[in-house]
Amino acid sequence: MDRIVVLSGAGLSAESGLGTFRDMGGIWTRYDLSEVATPEGFAADPAKVHDFYNARRANMAGAAPNAAHDALARLSGRADVTLVTQNIDDLLERAGASGVIHMHGELSRALCHACRARWDAPASMAPGDPCPACAAPATRPDVVWFGEVPYHMERIEAALADADLFVSIGTSGQVYPAAGFVEMARLSGARTLELNLEASGGRFDEVREGPATEVVPTWVA
Ligand code: BV8
């Protein structure tokens with residue numbers, strides 16, 4: 001049985017109404033990422049950063065998984081499949097997927113800068129909220145900002161080294177280290193497939209263009 005690594009990006013959740021980043025009207029065309037998705041931005045204006053993530057958390061709560069999430073949920077839990085996502089939403093879990101690796105963290109989780117405790121984030125966070133574990137007013141969304149080390153890299157790299165097939169879904173391949181995964185998979189002998197609205201221009205053996213709700217269920221079936 002093929003050992004499969006799937007990497008998803010914002011295009012997986014686009015048809016659920018969650019914004020992408022670099023498409024027309026994308027999040028990074030409306031916000032300066034250095035102000036809302038870096039540790040420096042958070043240090044400079046934590047209220048602005050919390051507002052940014054509180055709005056996305058509300059958007060996520062009002063969204064529903066789509067047919068692509070449902071299809072990946074059917075794949076998940078299989079011993080030979082590793083689901084990696086750059087997305088910080090919980091739509092794969094709400095579709096029933098298990099063992100999803102959120103390399104950029106999760107919007108539904110909070111983190112304490114002081115003691116590194118993690119817990120389910122409230123709907124709205126604000127500067128100075130006390131940590132439930134150590135009471136320090138050092139809480140933040142549990143997401144990986146630019147300049148921070150992504151989560152679970154060892155586990156992801158081990159899966160890529162062992163993969164027979166690497167499938168990239170709905171990502172522009174602009175952000176590292178995720179953008180380098182296709183090359184890592186190729187070097188370990190895996191076949192590579194891109195499922196995307198439009199080809200990202202990355203080096204894939206095969207590209208299937210179309211909306212995720214069409215090309216992902218067709219591939220999973
Ligand atoms: C790190 C969480 C060291 C927060 C995010 C110069 C060269 C190379 C690298 C760098 C460099 N300068 C700086 C870096 C490093 C930097 C980086 O890559 N910068 C880029 C901008 C050049 N990376 C980092 O800082 C990372 N950390 O490098 O640490 C290290 C490295 C390795 C090992 C140890 C240490 C940390 C990066 C994480 C940043 N956090 N998100 C949040 O979400 O707010 S990243 C951000 O971009 C998004 O969150 C998203 O996860 C990610 C990727 O975006 P996409 O998902 O691809 O979305 P995008 O809009 O770009 O594309 C949408 C796609 O969907 C398109 O392809 C479109 O066609 C498709 N689509 C649209 N609709 C549909 C669809 N597909 C299907 N169906 C549809 N309906």
Side-chain angles (χ1 to χ4, degrees), residues 6-42 48-57 59-60 63 65-69 71-72 84-92 100-109 111 121 140-158 160 167-184 193-202 204 207-219:
V6 177
L7 172 70
S8 54
L12 176 68
S13 301
E15 290 160 273
S16 294
L18 300 191
T20 60
F21 293 89
R22 297 169 186 86
D23 289 322
M24 190 85 74
I27 292 171
W28 298 147
T29 66
R30 288 178 283 120
Y31 290 89
D32 176 345
L33 73 81
S34 67
E35 291 179 0
V36 292
T38 63
E40 297 76 16
F42 184 67
K48 173 186 285 187
V49 175
H50 278 304
D51 288 350
F52 174 66
Y53 286 100
N54 290 342
R56 286 176 65 191
R57 202 174 291 112
N59 196 19
M60 176 175 77
N66 63 50
H69 296 108
L72 292 183
V84 183
T85 188
Q86 299 173 89
N87 298 342
I88 61 176
D89 65 59
D90 60 358
L91 295 182
L92 278 167
V100 179
I101 299 177
H102 284 270
M103 64 179 292
H104 290 163
E106 297 177 80
L107 194 49
S108 61
R109 301 284 283 169
L111 168 70
R140 57 172 276 184
D142 187 17
V143 300
V144 177
W145 286 324
F146 289 93
E148 295 187 319
V149 177
Y151 290 150
H152 311 298
M153 283 305 295
E154 282 180 25
R155 201 167 139 212
I156 296 167
E157 286 164 358
L160 290 169
V167 185
S168 175
I169 297 173
T171 177
S172 64
Q174 303 290 307
V175 175
Y176 289 83
F181 291 172
V182 58
E183 209 48 40
M184 290 171 75
L193 166 65
E194 179 174 36
L195 307 178
N196 203 334
L197 193 61
E198 291 161 9
S200 65
F204 291 90
V207 179
R208 296 181 195 175
E209 290 188 340
T213 53
E214 288 175 20
V215 292
V216 176
T218 305
W219 169 66

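Sequential numbering from 1 along the given sequence is applied to the chain's residues. The analysis underlying the following values was restricted to heavy atoms, covering all of them including side chains, and did not include hydrogens, waters or symmetry mates. Whatever order the structure lists them in is the order used to number ligands and atoms, beginning at 1.
The shortest heavy-atom contact between V149 and V144 is O-CG1, 3.7 Å. When all heavy atoms of A67 and P217 are compared, the pair lying nearest together is O-CG, 3.7 Å. The two residues V49 and V36 have their closest heavy-atom pair at CG1-O, 3.8 Å. Taking both residues in full, the closest heavy atoms of T171 and G9 are given as CB-CA, 3.9 Å, listed atom of the first, atom of the second, then distance.
When hydrogens are left out, the protein atom nearest atom 15 (C) of ligand 1 is Y176 O, 4.6 Å; that is the closest non-hydrogen contact. Atom 53 (C) of ligand 1 has as its closest protein heavy atom Q86 OE1, 3.3 Å. In this structure, the protein non-hydrogen atom closest to atom 36 (C) of ligand 1 is E148 O, 3.5 Å. Protein heavy atom nearest atom 30 (C) of ligand 1, with residue, atom name and distance: P150 CD, 4.2 Å. Looking only at protein heavy atoms, the nearest one to atom 70 (C) of ligand 1 is N196 OD1, 3.2 Å. Of the protein's heavy atoms, A10 N, 2.8 Å lies nearest to atom 56 (O) of ligand 1. Atom 64 (C) of ligand 1 has G170 O, 3.5 Å as its closest protein atom, hydrogens excluded (heavy atom only). Closest to atom 75 (C) of ligand 1 among all protein heavy atoms lies G11 CA, 3.4 Å.
Looking at E15 against ligand 1, only its side chain comes within 4.0 Å, counting heavy atoms. If you look at S172 next to ligand 1, the close heavy atoms, those under 4.0 Å, come from the backbone and the side chain alike. At a heavy-atom distance under 4.0 Å, atoms from both the backbone and the side chain of T20 approach ligand 1. When non-hydrogen atoms are compared, ligand 1 lies under 4.0 Å from the side chain of R56 (C-beta onward) but not from its backbone.
An N or O contact shorter than 3.5 Å is missing between W28 and ligand 1 by distance. Remark: ligand 1 and A37 share no N or O pair separated by less than 3.5 Å (distance only, no angle test). Remark: ligand 1 and F21 share an N or O pair separated by less than 3.5 Å (distance only, no angle test). For the pair V144 and ligand 1, the shortest N or O to N or O distance falls below 3.5 Å. Note: no N/O pair closer than 3.5 Å links A14 and ligand 1 by distance alone.
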When the side chains of residues 11-19 are checked against the rest of the protein, which donor-acceptor pairs come out under 3.5 Å, sequence neighbours left out?
residue : atom : partner : partner atom : Å
S13     : OG   : H69     : NE2          : 3.1
S13     : OG   : D89     : OD2          : 2.7
E15     : OE1  : A212    : N            : 3.1
E15     : OE1  : T213    : N            : 3.2
E15     : OE2  : T213    : OG1          : 2.4
S16     : OG   : A64     : O            : 2.7
S16     : OG   : N66     : N            : 3.4
S16     : OG   : N66     : ND2          : 3.0

What verdict does the side-chain contact (heavy atoms from CB on, under 4.5 Å) test give for D90 and E106, after you've listed the backbone C-alpha separation in whole Å, the side-chain angles of each residue and the deciding distance to 0.1 Å? CA-CA 7 Å; D90 60 358; E106 297 177 80; 5.8 Å; no
So V84 and R155, side-chain contact (heavy atoms from CB on, under 4.5 Å) or not? Walk me through it. CA-CA 10 Å; V84 183; R155 201 167 139 212; over 6 Å; no
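Close approach of ligand 1 to G147 is summarised as follows: ligand atoms under 4.0 Å from at least one heavy atom of the residue are 24 (C), 25 (O). Numbered from 1 in the order shown, with element, the atoms of ligand 1 that lie under 4.0 Å from a heavy atom of P211 read 78 (N). Set against the non-hydrogen atoms of H104, the atoms of ligand 1 under 4.0 Å away are 2 (C), 5 (C), 38 (C), 41 (N), 45 (S), 51 (O). Listed by number with element, the atoms of ligand 1 under 4.0 Å from a non-hydrogen atom of W145 are 36 (C), 39 (C). Taking a cut-off of under 4.0 Å to the non-hydrogen atoms of G9, the atoms of ligand 1 that pass are 56 (O). Against a heavy-atom cut-off of under 4.0 Å, Y53 is close to the following atoms of ligand 1: 4 (C), 42 (C), 44 (O). Near I88, the atoms of ligand 1 lying under 4.0 angstrom from a non-hydrogen atom of the residue are 42 (C), 43 (O). Each of the following atoms of ligand 1 lies closer than 4.0 Å to a heavy atom of V175: 18 (O), 37 (C), 47 (O), 52 (C), 53 (C).
Atom 79 (C) of ligand 1 lies below 4.0 Å from at least one non-hydrogen atom of the protein. Inside a 4.0 Å radius of atom 12 (N) of ligand 1 there is not any protein heavy atom. For atom 39 (C) of ligand 1, a protein heavy-atom neighbour is present inside the 4.0 Å cut-off. Distance check on atom 3 (C) of ligand 1: every protein heavy atom falls at or beyond the 4.0 Å cut-off.
In this structure, W145 and F42 have tilted ring planes: the angle between them lies in the 30° to 60° band.
The backbone N or O of N87 sits less than 3.5 Å from a side-chain atom of H102, completing a donor-acceptor pair. With H104 contributing its side chain and Q86 its backbone, the two residues share a donor-acceptor pair below 3.5 Å.
Exactly one of Y31, F146, W28 qualifies for a ring-ring contact (aromatic ring centres under 6.0 Å, His included) with F21. That residue is W28.
The line from CZ of F52 to CG of D32 is 10.5 Å long, rounded to the nearest 0.5 Å. In this structure, CD in E209 is found 8.0 Å from CD in E194, a value given to the nearest 0.5 Å. Between the OG atom of S168 and the CG atom of L193 there is a distance of 8.5 Å, given to the nearest 0.5 Å.
With atom 63 (C) of ligand 1 as the reference point, the heavy atom nearest to it among D23, I27, L7 is part of D23.
Under the rule for a ring-ring contact (aromatic ring centres under 6.0 Å, His included), Y151 has no partner lying at least two apart in sequence or in another chain.
A donor and an acceptor atom, one from each side chain of N54 and R57, are located under 3.5 Å apart.
Counting heavy-atom neighbours within 6.0 Å of E198 CD, excluding the residue itself, gives a total of 12 or less.
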